[in-house]
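Here the structure is laid out as structure tokens; the discussion comes afterwards.
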Amino acid sequence: GNAAPEPRVEQELRMIREAIVLVASRRSPRVTVAGLGLGEAILEPARRLALDAGVRLVPLWTADGGRLDFRVEAPEP
């Protein structure tokens with residue numbers, strides 16, 4: 001069967017989840033996920049995911065204000 005397309009909110013949260021896994025597993029000290037159109041709508045769920053994984057989520061507001069990038073960082077030692 002043909003699966004329905006993934007809702008945009010789920011697509012964007014999945015990208016953030018993947019970045020969190022990369023940082024939490026120490027494969028990368030930081031990962032930036034850029035160009036998310038739903039930034040503010042997913043900010044709180046993304047923060048909870050990062051907190052649960054023990055990493056930091058830093059929102060990066062874009063110049064036009066229409067998009068929000070996120071940087072996922074390992075905690076300070």
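Side-chain atoms of Arg56 do not come within 3.5 Å of backbone N or O of Pro75 as any donor-acceptor pair.
Scanning both residues, Ala19 and Val72, for their nearest heavy atoms gives CB-CG2, 3.9 Å. Taking both residues in full, the closest heavy atoms of Ala50 and Leu57 are given as CB-CB, 3.8 Å, listed atom of the first, atom of the second, then distance. Here the shortest heavy-atom pairing between Ala53 and Ala24 reads O-CB, 3.9 Å.
Distance check, rounded to the nearest 0.5 Å: CG of Leu49 to CZ of Arg47 gives 12.5 Å. Atom-to-atom distance recorded for Ile42:CD1 and Leu36:CG is 5.0 Å, nearest 0.5 angstrom. Within the model, atoms CD of Glu73 and CZ of Arg30 stand 6.5 Å from one another, a figure rounded to the nearest 0.5 Å.
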Step-by-step salt bridge (Lys or Arg N to Asp or Glu O under 4.0 Å) determination, Arg8 to Glu12: CA-CA 6 Å; Arg8 184 157 179 196; Glu12 294 194 4; 3.0 Å; yes

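Cluster membership check: Val21 does not share its hydrophobic cluster with Val31, using side-chain heavy-atom separations under 4.5 Å among Ile, Leu, Val, Met, Phe, Trp and Tyr. Clustering ILVMFWY residues whenever any of their side-chain heavy atoms sit less than 4.5 angstrom apart, transitively, puts Leu13 in a cluster other than the one holding Val58. Grouping the Ile, Leu, Val, Met, Phe, Trp and Tyr side chains by contacts below 4.5 angstrom, directly or via other members, places Leu51 apart from Leu43. There is a path of hydrophobic side-chain contacts, each under 4.5 Å, that joins Phe70 to Trp61.
The pair Arg14-Glu10 does not meet the salt-bridge criterion, since no charged nitrogen lies less than 4.0 angstrom from a carboxylate oxygen.
Under the rule for a side-chain contact (heavy atoms from CB on, under 4.5 Å), the partners of Arg48 that lie at least two apart in sequence or sit in another chain are Glu44, Pro45.
Between Thr62 and Asp69, the closest side-chain pair of non-hydrogen atoms falls below 4.5 Å.
For the side-chain contact (heavy atoms from CB on, under 4.5 Å) criterion with Ile20, the lone passing option out of Val23, Ile16, Leu22 is Ile16.
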